[in-house]
Amino acid sequence: SGSACRCSCIALLVELVGRARVGRAMLRRCARCIQRMPYWANGGLFNSRHLHVSAALRAKVVCVLFDDPVMGFPPQYLRESIPVVSRYADGQPIPKPRSSTEHKPGTLLGCVSGELGLRSFVEGRGHEFIVTSSKDGPDSSFDRHLPDAEVVISQPFWPAYMTFERIARAPKLKLCVTAGVGSDHIDLAAACAHNITVAEVTQSNSISVAEHAVMMTLALVRNYLPSCGWVVRGGWNIADCTSHAYDIEGMHVGSVGAGRIGLAVLKRMKPFDVHLHYTDRHRLPEETEQELGLTYHATVESMVPVCDVVTINCPLHVGTELMFNEELIYKMKRGAYLVNTARGKICERDAVAKAIEECQLAGYAGDVWFPEPPSWDHPWRCMPRHGMTPHVAGATLAAQHRYAQGVREILERYFDDRPIRPEYIVVEDGKLSGVGAHSYDLGDTTEGSATAGQFDAGTSRGM
């Protein structure tokens, strides 16, 4: 900064700070400016050696990310670039932070070494940046840093569960950011009670998840994974492969939820000449229903009995928690397929396993579990006719670039005291707001998340 800027900063700090007339973001900018000066007024009072940014001005940002690749970081990439997308399907612009990024689009950002491409940005603003994958249990790195954290960043794929107890132990916490879509790992009622802002990068990976849901639907119906397994094991067992393989053409496919992901799934299933159904508390416009040939059902209970495939594309909140229990699953067609790329806790774990064992369900596929990561003995890992993956649908390299950019944009706005985009807001000013008011019911869905701490022991034991 030039001398005029430095003088303005000095004036603001000396004249206004004591009177509490300057906002936090401006105060931080002034302090950073002065701290960079080699001297002022011939080595006088504000010599940089004597100036320290106070704890009140220096935020601790704690970022929880998944572990690095087993083979090391960075990985060897298979492609040199990713497609350029400037806007989402509804016209919403993609994240556009003001600051330039150091990473190349298409690189691995969601792991610890990837750091969401944020370290130089956060530290360049004068803040502390902690990145860890240790998130579960009282001795986790996350829990050690939480009491001093002002900002917590987490991904749905490796969630730092912000329970009531954790929020109570974080008196300085002001902002929780979901790097991706879906903030159910946060006790939203507690966030409201403590006036914590919750934001997520809406739409950043919606199409990624929709593609994954369609892929899993086809994989189940066509018996793809077991057939691939025969090849891997050196076989050529055509009868075994085809005895559970069907055409999806002519089937009835229903979506629980018709928001951004659900609607994208329905649009992508239409060319397969299937009969499309949906249920959602927000009914789609009549012209959309006619264009896609959709049949609307007021309740999930009225839809599932007529569908050969049910795909879950709704948020997890207190109104959808354990929706697919034994009673609802056994209202489905016998031999139907259930695909869940929404949240694992929408389905009752043991009810799904039982329905698979009893052939009430022909197959179950998804990439979501509860808690995450699941224990080594979770029944979905080994039940027959499943197509489960780790939580990866929304973590493609293209999606990682978009949600990393979105997190940067949210942090820029927060540090600069500028409003965060309404479409990113889940909780603000003590209430559900923005996308949160549209998509969530107020409550807590984190109960039971503490068992995620069993994963490390299970990994060493079972693999």
Side-chain angles (χ1 to χ4, degrees), residues 64 146 149-156 159-204 206 209 256-262 279-283 298-301 312-325 328 340 342-348 368-372 394 406 410 413-414 419-450 452:
V64 177
L146 188 58
E150 181 173 326
V151 179
V152 167
I153 303 168
S154 178
Q155 299 171 106
Y161 290 102
M162 293 301 296
T163 61
F164 174 87
E165 293 77 12
R166 275 180 163 169
I167 288 176
R169 296 200 306 269
K172 298 181 180 179
L173 186 61
K174 296 293 186 290
L175 175 66
C176 289
V177 182
T178 299
V181 175
S183 298
D184 48 275
H185 59 284
I186 301 167
D187 183 339
L188 298 180
C192 288
H194 288 78
N195 200 29
I196 296 168
T197 298
V198 178
E200 60 185 45
V201 191
T202 305
Q203 291 208 71
S204 58
S206 297
V209 175
V256 181
R260 295 179 177 91
I261 297 174
T279 181
D280 195 300
R281 62 182 179 180
H282 305 289
R283 187 166 181 174
T299 66
V300 65
E301 289 82 3
I312 303 173
N313 304 292
C314 61
L316 170 63
H317 51 73
V318 292
T320 60
E321 185 176 11
L322 301 179
M323 174 192 293
F324 277 80
N325 54 21
L328 183 60
N340 182 11
R343 287 295 183 268
K345 209 178 185 184
I346 295 175
C347 294
E348 189 177 295
V368 287
W369 311 66
F370 185 83
E372 292 185 354
I410 290 169
R413 290 174 177 270
Y414 174 74
I420 298 172
R421 285 201 223 177
E423 58 265 33
Y424 290 170
I425 292 293
V426 177
V427 170
E428 190 174 48
D429 297 328
K431 63 182 185 297
L432 293 175
S433 184
V435 69
H438 180 85
S439 302
Y440 292 90
D441 287 342
L442 188 61
D444 173 31
T445 57
T446 65
E447 184 178 353
S449 60

Discussion item. Go through it in stages, so that I can follow the logic: the residues are Ser204 and Val181, the test is side-chain contact (heavy atoms from CB on, under 4.5 Å), and I'd like the CA-CA distance, side-chain angles, deciding distance and then a yes or no.
Written reply: CA-CA 7 Å; Ser204 58; Val181 175; 4.0 Å; yes
Fill in: Any donor-acceptor N/O pair, His282 side chain to His438 backbone, under 3.5 Å
yes
Worksheet item: Would you call Lys345 and Glu321 a salt bridge, using N to O less than 4.0 angstrom?
Response: yes
Worksheet entry | Check: Ile196 and Val427 side chains under 4.5 Å, non-hydrogen atoms | no
Discussion item. Quick check: do Asp441 and Arg281 have side-chain heavy atoms less than 4.5 Å from each other?
Written reply: yes
Worksheet item: Is Asp444 close to Val318 at the side-chain level, that is, under 4.5 Å between some pair of heavy atoms?
Response: no
Discussion item. Could you measure the distance from the CG atom of Asp184 to the CD atom of Glu200? Nearest 0.5 Å is fine.
Written reply: 9.0 Å
Practice prompt. Kindly give the heavy-atom pair with the smallest separation between Ile346 and Cys314, and that separation in Å.
Written response: CD1-O, 3.5 Å
Fill in: Backbone of Tyr161 reached by a side-chain donor or acceptor of Arg166 within 3.5 Å
yes
Worksheet item: Between Ser154 (side chain) and Ala160 (backbone), is there a donor-acceptor pair under 3.5 Å?
Response: yes
Worksheet item: Roughly how far, to the nearest 0.5 Å, is CD of Glu301 from CG of Leu328?
Response: 6.0 Å
Discussion item. For Gly448 versus Pro371, what's the shortest heavy-atom pair and its separation?
Written reply: O-CG, 4.0 Å
Fill in: Closest non-hydrogen atom pair between Gly182 and Pro156, with its separation
O-CG, 4.0 Å
Practice prompt. Of all the heavy-atom pairs spanning Ala190 and Ile167, show the shortest one and how long it is.
Written response: CB-CD1, 3.7 Å
Discussion item. Measuring only between side-chain heavy atoms, which start at C-beta, is Pro315 closer than 4.5 Å to Thr320?
Written reply: no
Discussion item. When you compare the side chain of Lys174 with that of Tyr414, does any pair of heavy atoms fall below 4.5 Å?
Written reply: yes
Fill in: 4.5 Å side-chain heavy-atom contact, Leu316 and Val368
no
Worksheet item: Mind checking whether Val300 and Met323 have side chains closer than 4.5 Å, heavy atoms only?
Response: yes
Fill in: Distance in Å, Glu428 CD paired with Ile420 CD1, rounded so as to fall on 0.5 Å steps
6.5 Å
Worksheet item: So, Asp187 side chain and Met162 main chain: donor-acceptor pair closer than 3.5 Å or not?
Response: no
Fill in: side-chain contact (heavy atoms from CB on, under 4.5 Å) evaluation trace for Phe324 with Val256
CA-CA 11 Å; Phe324 277 80; Val256 181; 3.9 Å; yes
Worksheet, complete the sentence: Taken to the nearest 0.5 Å, the spacing of Asn195 CG from Lys431 NZ works out to 9.5 Å
Discussion item. Ignoring hydrogens, what is the shortest heavy-atom contact between Ser183 and Val426? Give both atom names and the distance.
Written reply: OG-CG2, 4.0 Å
Discussion item. Any non-hydrogen side-chain atom of Thr445 less than 4.5 Å from a side-chain atom of Phe370?
Written reply: no
Response to the item:
In terms of heavy-atom contacts, Arg413 and Pro419 come closest through NH1-O, 2.8 Å
Item to complete: Give a yes or no answer on whether the side chain of Ser433 reaches the backbone of Ile425 with a donor-acceptor pair at less than 3.5 Å.
Response: no
